[in-house]
Number of protein chains: 2
Amino acid sequence: MTDRAQGARLAGLAALLADPTRATFCLLLLDGRAWTAGELARRAAVAPSTASGHLDRLVASGLCAQERQGRHRYVRLADRRAAALIEDLAGHLPPAPAATGLRAATASAALARGRTCYDHLAGRLGVAVTDAMLARGYIEGGFTLSTKGAEWMDTVLGAGPDSWPRSRRPAARACLDWTERRPHLAGRAGAEVCRAFLDLAWIRRVGTGRAVRLTADGVTALGAHLGIEDADALA
Amino acid sequence: MTDRAQGARLAGLAALLADPTRATFCLLLLDGRAWTAGELARRAAVAPSTASGHLDRLVASGLCAQERQGRHRYVRLADRRAAALIEDLAGHLPPAPAATGLRAATASAALARGRTCYDHLAGRLGVAVTDAMLARGYIEGGFTLSTKGAEWMDTVLGAGPDSWPRSRRPAARACLDWTERRPHLAGRAGAEVCRAFLDLAWIRRVGTGRAVRLTADGVTALGAHLGIEDADALA
DNA sequence: GCGACGCTTCGGCGGGTGCCGAACGGTTCG
DNA sequence: CGAACCGTTCGGCACCCGCCGAAGCGTCGC
């Protein structure tokens, strides 16, 4: 009885992502930015009318939020929790479909190197930064920010924990990337690192999507502050 | 192109849980034990033939595993990863449907008090134990097992980290219960605590399901070793 | 061996849902 | 004001999928 009711609720949530088109939308929105209905339709290869209906449903469910500007409809993930839901699920996907080995050679090479995942760094860059922070003891075992790490963020990035707004958001957590299949830093610290990197112009967004590119300053900085020697390979 | 392919893969995974009957099965299986096809059919209120098909699909997907014994078909979640997937998703359900307030008065009162969630303690008991371990500093902020906690597990439970098999399973992680809406201890430590509690006869399974009941010994032990004063309310 | 039992297969029904094209309304820009 | 553009609504199509009952198969128990 109530068993079945709980099942129905769970099924309802899963059903949101159980459609290829809606799932594609959600993955595209994982960069945390707002996309127009038309862009999403094109990327997902469906007619605008089809996209419109799906977006209605995503918004109605609370998973997405929208703002209308003129003749445009901008849609984004509603909040961090929504992003975490997508991430969680995507993290459980079987390893890889058929890694063609050419992945790095495609037009999205920049994306493979670095991108944002909702509000933190992902891709090879995100993994590299995370690995370096782990190696230097800034992050510890279960993805907690160490005292040393807090100090580093404060002095080098000007974004230490003391400057963060009070909230219950975890300071650090692991986000499993669905392409790199490696954990990388998410949570408040992840978001602040990403923001600081952008502020300091160590990285810059390219194109309209989630891709980011390491700048020349960034290459130097990553070497100096994180001991990443081969940072230019990420640029 | 590849955007859409990733979306399709994600949708396929979500579709497994997007059916009320399959979702109900998965929630029932969260206790980590094997149920027969008939039991699952009855609990989910569907015909045996319907259940059969769903179980085929769950097994084929790798989410569940089965063993046939005589005329019975025993089905269980395939592994910890499968359980984590269900937990993750269920943890994102909106707070509560319409908490009737009578929850504790139903026939499943024992279940409300304590149960196992795949391989660790959940329910009010699980939350209480977790809270006590947090209060005593056995678990720290981001759900990592402290040195003190490791010592405690070793001396009191006879199940310290040194005795664990080497694996990449996280020592401790939070599992968000879908009824209590409170995090409780999962991961290797959670599993060992549950096992030790059973071994020490502090808890005992009741019925065929996931419900566990605190024994008289357990009430005393929880008071002595975790400072849980009102443990009899959980018995 | 015969019935009871657990499960499965099959056929068929019904409902839900994703998809599109065409027509329409609103906004922007010339 | 008119054309281009973005998005939505609507109707209709097709398909998928969940569900059941009936029949069948293997196992268990008397």
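We name chains A, B, ... by the order of the sequence lines, and we start the count at 1 in each one.
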Residues [X] and [Y] bridged, charged N to O under 4.0 Å:
X	Y	value
A:E67	A:R76	yes
B:E87	B:R173	yes
B:D88	B:R81	no

Which nucleotide in the list D:dC10, C:dC7, D:dC20 gets nearest to the side chain of B:A47? D:dC20
Roughly how many Å is it from [atom1] in [X] to [atom2] in [N], rounded to a whole number?
X	N	atom1	atom2	result
B:R57	C:dT9	CZ	P	16 Å
B:R68	D:dC25	CZ	P	16 Å
B:H54	C:dT9	NE2	P	14 Å
B:R71	D:dG24	CZ	C1'	16 Å
A:R4	D:dC19	CZ	C1'	10 Å
B:L16	D:dC17	CG	P	12 Å
B:W35	C:dG6	CH2	C1'	17 Å
B:D19	C:dG15	CG	P	17 Å

Hey, which of these two, A:A45 or B:L55, hits DNA chain C nearer its 5' end, going by closest nucleotide?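 Residue closer to the 5' terminus by nearest nucleotide: B:L55.
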Below 4.0 angstrom from OP1 or OP2 of [N], is there any side-chain N or O of [X]?
X	N	answer
A:T21	C:dC19	yes
B:S49	D:dC20	no
A:S52	D:dG7	no

Base, sugar-phosphate, or nothing: which does A:R42 touch, judged by heavy atoms less than 4.0 Å apart? nothing
A:R33-A:T116 side chain donor-acceptor pair, cut-off 3.5 Å: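 Judged by distance alone, the side chains do not pair up.
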Please work out whether the ring planes of B:H184 and B:H120 are parallel, tilted or perpendicular, with thresholds of 30° and 60°.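 Ring orientation, 0 to 90° scale: tilted.
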Nearest heavy atom decides the nucleotide; on that basis, is A:R73 or B:R22 closer to the 5' end of DNA chain D? A:R73
